[in-house]
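Report on the following structure.
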There are 2 protein chains.
Amino acid sequence: MEKHPFTCSISQLAKALDITTRTIRFYEEKGLITPDRTPGNQRIYTRKNRARLKLILRGKRFGFSLDEIAEMIGMADTDLTEIDQIQKSLVFGDKKLEQIRQRRQELDLLEEEILATRQTLITRIEQLKEKE
Amino acid sequence: MEKHPFTCSISQLAKALDITTRTIRFYEEKGLITPDRTPGNQRIYTRKNRARLKLILRGKRFGFSLDEIAEMIGMADTDLTEIDQIQKSLVFGDKKLEQIRQRRQELDLLEEEILATRQTLITRIEQLKEKE
DNA sequence: TAAATAGTTAACGTTTACGTAAGTTGTAAG
DNA sequence: CTTACAACTTACGTAAACGTTAACTATTTA
């Protein structure tokens, strides 16, 4: 196996994901990512770190707090030797899936609501144009 | 038309939506809802107010800030006489629809990710059970 | 090798979204 | 009428999620 060479610095990663370096370091403080270091103590990020960060940002866009995201990630990082631990993670993951499905329904409602408003507006515009 | 009698007090509304009265008053401060008052200056909420509040909470669950939600509501409250204003609202609504569709895609990704992790865990459990 | 650029930690500042407490007024029950 | 409870306003407090600045070190570039 290779030691895939797709690494980058903190500022490169920040630019790629359109966030600040402060944000990345903050997530590290919270234990959400743990990049390797160069001999000079500078952070280096792999594709894996990058994927992890994207997952974090995605979670945030759905209103999950960093603590909740930390939990989800905890699941992803499960030590695959302890069978009890694995089963707990499964239960946790299923709970999250439940939540996600609920969110999807709410997303539909939100869309409906906006579409309805849209229709009202369009109808109104047509009425106004006829009156001219 | 009736003056539909489906009104309630702030604490009733809070209980119904499982939030605190403080939260409701806070949203009012921010201009997100403007209930009528009794002669004694107490807030009364109609079905419409209630629907509005639900919309706010739904938006929050998708990581929209209160300011963003205020914008969305601004669209819903458009003064239907100014044709320019209506058209602006339409454009704004379409932007929000774009965002919502993006969120849906991300939701799918999130679900995939969890399902993949789930599969890994299940496979691992089976392996461990065979070894017994 | 020197200068410019980028990265590091530490610590204090800021914004958002409420929580909480104090003191006052409305309203329903006895 | 008064007791009790709910609602009102005002204001200070707080946790989360970063922003900003300072003082220092590593790395790249001339």
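All chains are named by letter (A, B, ...) in the order of the sequence lines, taking the proteins before the strands, and each is independently numbered beginning at 1.
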SB check Asp108(B) Arg104(A) (cutoff 4.0 Å): yes

Integer-rounded Å distance: dG26(C) P and Arg43(B) CZ: 14 Å

Spacing between Phe26(B) atom CZ and dT10(D) atom C1', to the nearest angstrom: 15 Å

Note: Arg37(A)-Glu28(A) ion pair, threshold 4.0 Å (strictly below): yes

Presence of Thr20(B) side-chain N/O under 4.0 Å of dC18(C) phosphate oxygens OP1/OP2: no

Nucleotide nearest Lys60(B) when distance is taken to its side chain, options dT8(C), dT20(C), dA17(C): dA17(C)

Nearest-neighbour nucleotide for the Asp67(A) side chain, dT27(D), dA16(D), dC18(D) considered: dA16(D)

Rounded distance in Å - CD (Glu28(B)) to P (dC18(C)): 15 Å

Carboxylate-amine/guanidinium contact Asp77(B) Arg52(B), below 4.0 Å: yes

Lys/Arg-Asp/Glu bridge criterion (N-O < 4.0 Å) met for Glu29(A), Arg22(A): yes

dG19(D) OP1/OP2 closer than 4.0 Å to side-chain N/O of Thr23(A): yes

Whole angstrom value for the distance that separates P of dT8(C) from CG of Asn41(A): 7 Å

Distance-only side-chain donor-acceptor flag, Thr23(B) / Thr20(B), under 3.5 Å: yes

Rounded distance in Å - CZ (Arg37(A)) to P (dA26(D)): 13 Å

Close approaches to DNA chain C from residues 8-19 of chain A, in residue order (heavy atom, under 4.0 Å): Ser9(A), Ile10(A), Ser11(A)

Phosphate contact (dA11(D) OP1 or OP2) by Arg25(B) side-chain N/O below 4.0 Å: no

Candidates dT8(C), dC8(D), dC18(D) - which lies nearest the side chain of Gln42(B): dC8(D)

Separation of dG19(C) C1' from Tyr27(B) OH (nearest whole Å): 13 Å

Rounded distance in Å - CD1 (Ile44(B)) to P (dG26(C)): 16 Å

Nearest-0.5 Å distance that lies between atom CZ in Arg103(B) and atom CZ in Phe64(B): 4.0 Å

Whole-Å gap separating P (dA15(D)) and CG (Leu66(A)): 16 Å

First encountered from the 5' end of DNA chain D, between Pro39(A) and Lys30(A): Lys30(A)

Lys/Arg N to Asp/Glu carboxylate O, Asp67(A) vs Lys30(A), below 4.0 Å: yes

Arg22(B) side chain, from C-beta outward: closest of dG19(D), dC8(D), dT20(C): dT20(C)

